[in-house]
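For ligands, and for the atoms within them, numbers begin at 1 and follow the listed sequence. As the structure is a computational prediction, the values presented were derived from the model and not from experiment.
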Amino acid sequence: MRIYFCGSIRGGRQDVVIYQRIVQKLQTYGEVLTEHVSHSDISEKGEDAALDGDRAIHDRDIEWLMSADVIVAEVTQPSFGVGYELGRAVAVGKKILCLFRPSSGRVLSAMIRGAETRSRNSLFQVQEYSEDEVERVLEDFFSALSPQDLTRSDVVITGSPCENMVALQMYSTTLLLTLLTGCF
Ligand SMILES: O=c1[nH]c(=O)n([C@H]2C[C@H](O)[C@@H](COP(=O)(O)O)O2)cc1CO
């Protein structure tokens, strides 16, 4: 399983110790693409972007994000980058878990809390937790994952299989007619 972990960098590094615990636990389930987010030698200045500056970080991370099976984000420390990553992940229908600690005294953005869908197989979940229960919260999340959750597709198909079949047939017929009329 490919896991993309989101955590604040330029938004503030106060929670780096909890990021380390999360990444360590995530590594028992699969490959954590963004392990560096938990490294204590990365400061609020961000990675040493020797390669090609911020564009290289952005393009690399978006490529990882799109290839990930599941996204786990620690959202207690507000971060533009994490918010952006979550928005891009929602747009392509990724399975997302957001972790928030109410003990921080912060109030989570409505654009994160309000994105939660409450159906049984919800793609976007917000989980409140306290530090001592972080491993258990992750265990519960991963043990409830179903194969359907693990989509790597960039295309979100919203219709029922039957509706999609009808749409495909109509599309093929239109294409055929266009080709035929183009020939005469
Ligand atoms: O140096 C970096 N490396 C990097 O991978 N990121 C990505 C991963 C994090 O989940 C997210 C953090 O965003 P921000 O720096 O705005 O807090 O952005 C962000 C930065 C710096 O903005």
Practice prompt. Pick whichever of H36, K45, E47 has a heavy atom sitting closest to atom 3 (N) of ligand 1.
Written response: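 Of the listed residues, E47 has the closest heavy atom.
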
Worksheet item: If hydrogens are left out, which of D61, I42, T34, D48 has an atom nearest to atom 7 (C) of ligand 1, that is, the closest non-hydrogen atom?
Response: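 Shortest heavy-atom distance from atom 7 (C) of ligand 1: D61.
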
With nothing but distance in play, are any N or O atoms of [X] less than 3.5 Å from an N or O of ligand 1?
X	value
G81	yes
F5	no
G46	no
I9	yes

Can you tell whether the side chains of [X] and [Y] come within less than 4.0 Å, N to carboxylate O?
X	Y	answer
R113	E128	yes
K25	E135	no
R60	E63	no

Item to complete: Tell me which protein heavy atom sits closest to atom 9 (C) of ligand 1, plus the residue, atom name and distance to 0.1 Å.
Response: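 Residue, atom and distance for the closest contact: G7 O, 3.2 Å.
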
Practice prompt. Could you find the nearest protein heavy atom to atom 17 (O) of ligand 1 and give me its residue, atom name and distance?
Written response: S79 OG, 2.7 Å

Practice prompt. Within a distance under 4.0 Å of any heavy atom of S8, pick out the atoms of ligand 1 and give their elements.
Written response: 17 (O)

Worksheet item: Is it the side chain (CB and beyond), the backbone, both or neither of R60 that lies under 4.0 Å from ligand 1, heavy atoms counted?
Response: side chain

Item to complete: Report the distance from atom CD1 of I22 to atom OG of S38, rounding to the nearest 0.5 Å.
Response: 9.5 Å

Item to complete: Please say which of S103, S104, S109 ends up in a side-chain contact (heavy atoms from CB on, under 4.5 Å) with R106.
Response: S104

Item to complete: Could you walk me through whether V72 and C6 pass side-chain contact (heavy atoms from CB on, under 4.5 Å), step by step?
Response: CA-CA 6 Å; V72 175; C6 315; over 6 Å; no

Discussion item. Set out, in order, the CA-CA distance, both residues' side-chain angles and the distance that settles side-chain contact (heavy atoms from CB on, under 4.5 Å) for E131 and R101, then state yes or no.
Written reply: CA-CA 8 Å; E131 271 185 52; R101 300 192 317 282; 3.8 Å; yes

